[in-house]
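Written below as structure tokens is the structure these notes are about.
Quick caveat, the model's predicted, so the values are computed rather than measured.
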Amino acid sequence: MTQKERQERSKEEICQAAMEEFGTLGYDKVTMERICGNHGISKGMMYHYYSNKDELFLLCVERTFTDLKSHVERGMKVLDGQAFLNAIKDFFMLRESYFQLHPRERVIFEDALLHPPKHLVERIQELRGPIRELNRQFIRQIVKKMPLRPEVDPQMAARYLESVEYFFQSVMRNYQGGRVEADLHTMFETAGEILDMVLFGIMRQSEPGEQPPSA
């Protein structure tokens, strides 16, 4: 094994240990010493490659975003030709299907986006850029297939769907009474219910001449 190969193996060993710790405890409870102690990594080797916890956390965030993006890209290939409602539902659920397979990455993802260390927010947003742009591309394409209301232009619809996608998993958990549903099939059905209401509303529109219900 060459020196470069040994270095790459050592860095990967540290990265996997950091993924395990951040993906179990979250950013706040992890220390460099804990990573070393729990995974048999010498402090000398650790600090030879990584100078602090922030550097390691950002490495784990970047790896999570990159892996999630690849998963979404693969899943998007089967969405072409689907009816727009099914395509949106399946697209929104691609992230959930990834995290069902990778629970530690879910912790890192949610920690980075929902509870980021203030001094890392800007860098985290930069790392998130490629997956956000992928989402935007899909949403812009799907909006072209949607029969929009006359007063809603495609840019408005795209912004709306992007904002919904960002909070969709939290909405779904609240809709289920706070439960994290383990059955992915049930989650797909729930996602369909929510999206039906998100896209078409919950109130019946009044017929011409009909008195609207009082508030």
Side-chain angles (χ1 to χ4, degrees), residues 11-39 41 43 46-76 88 91-140 143 155-175 178 180 191 194 198:
K11 291 171 69 174
E12 181 62 21
E13 179 184 347
I14 295 171
C15 181
Q16 287 299 323
M19 291 286 293
E20 181 68 28
E21 294 297 325
F22 287 120
T24 302
L25 299 175
Y27 173 87
D28 289 338
K29 296 181 180 180
V30 174
T31 64
M32 298 282 272
E33 289 73 19
R34 179 186 177 88
I35 295 173
C36 290
N38 285 353
H39 298 272
I41 298 170
K43 290 184 179 180
M46 169 68 83
Y47 286 99
H48 176 72
Y49 294 110
Y50 301 103
S51 58
N52 53 52
K53 180 174 83 168
D54 289 347
E55 188 178 354
L56 268 179
F57 181 65
L58 290 173
L59 176 66
C60 294
V61 170
E62 182 175 19
R63 179 166 291 199
T64 296
F65 286 166
T66 300
D67 199 28
L68 174 61
K69 179 175 179 288
S70 297
H71 176 85
V72 171
E73 284 178 318
R74 291 192 298 271
M76 284 172 57
I88 294 173
F91 173 74
F92 279 16
M93 288 299 295
L94 280 173
R95 193 172 81 186
E96 184 60 37
S97 66
Y98 171 79
F99 290 133
Q100 288 273 316
L101 298 172
H102 304 90
R104 70 181 187 182
E105 280 80 355
R106 180 199 292 274
V107 175
I108 294 169
F109 181 88
E110 293 184 348
D111 213 20
L113 294 188
L114 302 181
H115 315 287
K118 291 183 179 180
H119 62 291
L120 299 180
V121 168
E122 184 175 349
R123 181 61 183 138
I124 288 170
Q125 290 304 314
E126 291 175 1
L127 293 174
R128 188 183 171 217
I131 186 82
R132 289 194 70 181
E133 182 55 32
L134 180 67
N135 292 348
R136 287 170 175 164
Q137 289 175 8
F138 171 80
I139 287 171
R140 285 195 294 264
V143 162
Q155 290 76 23
M156 291 170 58
R159 289 197 302 271
Y160 173 65
L161 287 177
E162 185 180 355
S163 65
V164 170
E165 192 274 338
Y166 183 72
F167 293 107
F168 188 73
Q169 309 304 322
S170 295
V171 171
M172 189 159 62
R173 283 196 290 270
N174 289 333
Y175 183 76
V180 178
I194 296 172
V198 165

Query - Rounded distance (nearest 0.5 Å) linking atom OH of Y50 with atom CG of L58 - result: 12.0 Å
Query - Polar side-chain atom of H71 near backbone of L94 as donor-acceptor pair, under 3.5 Å - result: yes
Report summary line: Heavy atoms of M46 and C36 approach each other most closely as CB-SG, 3.7 Å
Report task. Ignoring hydrogens and angles, tell me if any N or O in the side chain of T66 forms a donor-acceptor pair with the backbone of R63 under 3.5 Å. Result -> no
Query raised in the report: Sub-3.5 Å donor-acceptor pair from the side chain of D111 to the main-chain atoms of G26, do we have one?
Result: no
Report summary line: To the nearest 0.5 Å, atom CZ of R106 lies from atom CZ of R95 at 8.5 Å
Report task. Could you tell me whether the side chain of H102 and the main chain of Y98 form a donor-acceptor pair under 3.5 Å? Result -> yes
Report summary line: Scanning both residues in full, the closest heavy-atom pair of L161 with F92 reads O-CZ, 3.7 Å
Query - Test side-chain contact (heavy atoms from CB on, under 4.5 Å) applied to T64 and M19, step by step - result: CA-CA 9 Å; T64 296; M19 291 286 293; 3.9 Å; yes
Query raised in the report: Between R140 and E162, is the closest basic N to carboxylate O distance under 4.0 Å?
Result: no
Requested in this report: Answer yes or no: is there a side-chain heavy-atom contact under 4.5 Å between R132 and R136?
Outcome: yes
Requested in this report: Please name the pair of heavy atoms, one in L120 and one in F57, separated by the smallest distance, quoted to 0.1 Å.
Outcome: CD1-CD2, 3.9 Å
Query - Nearest-0.5 Å distance, CZ of residue R74 to NZ of residue K69 - result: 11.0 Å
Requested in this report: Check whether any side-chain heavy atom of V61 sits under 4.5 Å from a side-chain heavy atom of F22, and report yes or no.
Outcome: no
Query raised in the report: Hey, does N135 have a side-chain heavy atom less than 4.5 Å from the side chain of E165?
Result: yes
Report summary line: Smallest heavy-atom separation, I194 atom then M172 atom, equals CD1-CA, 3.6 Å
Query - H119 and D54: CA distance, side-chain angles, deciding distance, side chain to side chain donor-acceptor pair (under 3.5 Å) verdict - result: CA-CA 9 Å; H119 62 291; D54 289 347; 2.7 Å; yes
**Report entry** Reference residue E62; test side-chain contact (heavy atoms from CB on, under 4.5 Å); the match among L127, D67, I124
**Finding:** L127
Query - E12 atom CD: more than 12 heavy-atom contacts under 6.0 Å - result: yes
Report task. Identify whether the distance between the nearest side-chain nitrogen and carboxylate oxygen of E21 and R104 falls below 4.0 Å. Result -> no
Query raised in the report: Does any N or O in the side chain of K43 come within less than 3.5 Å of the main-chain N or O of M32, such that one atom is a donor and the other an acceptor?
Result: no
Query raised in the report: With no hydrogens and no angle check, is any side-chain donor or acceptor of K53 less than 3.5 Å from a backbone partner on V30?
Result: yes
Query raised in the report: So F109 and F65, would you call those rings parallel, tilted or perpendicular, with 30° and 60° as cut-offs?
Result: perpendicular
Requested in this report: Would you give the length of the straight line joining atom CD of E55 to atom SG of C60, rounded to the nearest 0.5 angstrom?
Outcome: 11.0 Å
Requested in this report: May I ask you to decide if the ring planes of F91 and F138 are parallel, tilted or perpendicular, using 30° and 60° as cut-offs?
Outcome: parallel
Report summary line: Residues L56 and A18: closest non-hydrogen pair is CD2-CB, 4.0 Å
Query raised in the report: Where do I35 and A17 come nearest, in terms of heavy atoms and distance?
Result: CG2-CB, 3.8 Å
**Report entry** From CG (L113) to CD1 (I108), nearest 0.5 Å
**Finding:** 12.0 Å
Query raised in the report: Tell me, do M76 and L134 make a side-chain contact under 4.5 Å, heavy atoms counted?
Result: yes
